[in-house]
Protein chains: 2
Amino acid sequence: MPKAKISRSQIIQTSLATLAECRTLDQFSMRKVAATLKVDASTLYWHFENKQALLQAMADEIASQITFPDNQRDWQTQLTQLFRTIFAVYTAHPHAAELMLETIPASKTRLTLMDHIMAILVTAGFSETEANEAMTTIDFFLTGLIIDLTREQQFRSEINSKQAAYLHDQVQKMHQITHDAKLNHMQAAVQFRNTYTAKQQFEVGLKLIINGLLASKS
Amino acid sequence: MPKAKISRSQIIQTSLATLAECRTLDQFSMRKVAATLKVDASTLYWHFENKQALLQAMADEIASQITFPDNQRDWQTQLTQLFRTIFAVYTAHPHAAELMLETIPASKTRLTLMDHIMAILVTAGFSETEANEAMTTIDFFLTGLIIDLTREQQFRSEINSKQAAYLHDQVQKMHQITHDAKLNHMQAAVQFRNTYTAKQQFEVGLKLIINGLLASKS
DNA sequence: ACCTGAACACCGTTCAAGT
DNA sequence: ACCTGAACACCGTTCAAGT
């Protein structure tokens with residue numbers, strides 16, 4: 001029994017490191033991970049069924065870093081704290097939000113997390129239906145926000161590659177059209193996005209949804 | 001001046017038809033579009049700068065089918081009607097939601113639409129900030145919902161390809177873990193998703209957010 | 001049990017050359 | 001102005017063969 005050159009968890013760690021150096025999720029490839037590990041690409045297929053399986057494992061690894069809030073506090077506080085943690089974890093790992101979106105929550109870690117979010121709401125007196133709706137709404141909001149913002153940030157920083165240059169032009173064009181067509185509300189929106197940080201936008205959106213929940217309760 | 005074999009709009013139409021036959025967005029390729037048009041793949045690059053540009057054009061084409069609601073009605077009705085139209089248009093075109101997510105709204109069509117949504121809210125008395133938050137929240141919710149649901153639907157219908165089979169297994173596994181670990185709230189969530197249609201889930205989520213807006217107003 | 005090499009069937013994109 | 005062919009540098013995945 002010869003010692004294995006690489007382990008499953010080693011692949012996951014290296015994959016996350018490799019992903020961190022990719023500008024977009026689809027630049028992440030099995031071949032790049034293999035190259036970093038100094039292993040043939042086909043070797044990875046002994047450890048993982050396919051690329052999707054590796055992505056799922058990476059998503060789980062990230063999700064496992066999310067900790068649960070103190071359950072003595074009221075539901076608004078618990079929910080806010082928990083989603084703040086999720087926000088922090090997602091922003092700490094490049095492309096984490098996209099990874100979650102492209103991946104099925106078929107692990108105990110992720111399912112337990114979702115169950116916990118719903119538990120907070122159900123314990124607070126919401127129905128299962130309301131809890132499910134609230135959870136997915138917040139989750140999609142959070143995921144969408146992060147994906148959108150990281151995209152724009154990358155355009156601002158990198159003009160090296162042709163692809164980045166094209167996308168940068170599109171952002172410029174967006175501002176141009178907004179200005180020329182006198183779309184005043186969009187102009188306000190753009191300015192709003194430029195002055196607020198991602199964290200601030202997250203807080204304000206989360207508050208809106210929680211307020212909505214509060215209202216539906218009474 | 002020889003007559004052009006193909007036109008820009010012809011490419012866009014064929015692309016949408018080609019996309020409709022792809023099970024996932026990343027199965028959509030320039031080469032497939034070219035093959036359908038009986039043209040060399042490189043020809044497309046005379047009409048479009050790159051793949052991203054074609055995707056943007058496709059997204060615009062879809063977005064142009066969204067009509068605005070009667071502006072005599074109150075803001076809740078207008079907002080609900082408009083997003084119902086968006087929901088209908090997104091579900092009519094396979095992968096439309098993903099297309100919107102992967103693409104920058106750098107066209108007059110899409111920017112005007114966004115401006116209109118904000119205008120409804122600002123006219124109703126919300127601040128630009130609140131309007132922007134509400135718009136993005138609803139948009140992300142809608143996009144996320146559609147992407148999630150279409151994914152699951154595809155798994156249920158197709159077991160042909162190996163890729164689909166793997167994802168189908170993951171969905172199974174998700175149910176299994178949920179059951180075994182007694183994640184009761186998740187179980188309720190799964191059941192909820194199985195009995196409700198996409199449209200119903202959309203309606204209920206939209207109502208929640210609008211109620212939140214109503215509450216924040218008073 | 002774990003890994004390699006070569007191969008297959010794909011991609012997006014470029015560019016000289018054709019009409 | 002519009003299109004082609006060939007080429008480049010990539011992909012994910014499989015599978016017989018090695019240790």
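A, B, ... follow the sequence lines: proteins, then strands. Residue 1 opens every chain. Source: prediction; values computed, not measured.
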Between atom [atom1] in [X] and atom [atom2] in [N], what is the gap in whole Å?
X	N	atom1	atom2	result
B/Tyr45	D/dG5	OH	P	17 Å
B/Arg31	D/dC11	CZ	P	15 Å
A/Asn50	D/dC11	CG	C1'	14 Å
B/Gln52	C/dT13	CD	P	9 Å
B/Met30	D/dC8	CE	C1'	17 Å
B/Trp46	C/dT19	CH2	C1'	14 Å
B/Gln27	D/dG12	CD	C1'	12 Å
B/Leu37	D/dC3	CG	P	10 Å

Exercise for the section: On DNA chain D, check which nucleotide each of B/Leu44 and A/Glu49 is closest to and give me the residue with the more 5' one. Expected result: B/Leu44
Completion exercise
What one should report as the nearest heavy-atom pair of A/Ala198 and A/Leu145 is O-CD2, 4.1 Å
For [N] and [X] - does any side-chain N or O of the residue sit under 4.0 Å from the phosphate oxygens OP1/OP2?
X	N	value
B/Lys51	C/dG12	yes
A/Lys5	C/dA1	no
B/Thr43	D/dT4	yes
A/His47	C/dA1	no

Completion exercise
Which of C/dC11, D/dT14, D/dC2 is nearest the side chain of B/Ala4? It is D/dC2
Handout entry: Note: B/Glu203-B/Lys207 ion pair, threshold 4.0 Å (strictly below)
Key = no
Handout entry: Interatomic distance, A/Gln56 atom CD to A/Met100 atom CE [nearest 0.5 angstrom]
Key = 10.5 Å
Problem - Interatomic spacing from CD in B/Gln172 to CD in B/Gln170 - rounded to 0.5 Å - result: 10.5 Å
Exercise for the section: Look at the rings of B/Phe68 and B/His116 and say which category their plane angle falls in: under 30° parallel, 30 to 60° tilted, over 60° perpendicular. Expected result: parallel
Practice task
Kindly assign one of parallel, tilted or perpendicular to the pair A/Phe141 and B/Phe140, based on the angle between their ring planes and the thresholds 30° and 60°.
Solution key: tilted
Problem - Pairing string, 5' to 3', for DNA chain D - Watson-Crick or wobble contacts under 3.5 Å, brackets [ ] where pairs cross, | to another strand - result: ||.|||||...|||||.||
Exercise for the section: Assign B/Ser29 to base, sugar-phosphate, or nothing according to its heavy-atom contacts below 4.0 angstrom with the strands shown. Expected result: sugar-phosphate
Fill in the blank from the handout: Residues at least two apart in sequence or cross-chain that pass side chain to side chain donor-acceptor pair (under 3.5 Å) with A/Gln10, listed by chain then number, are none
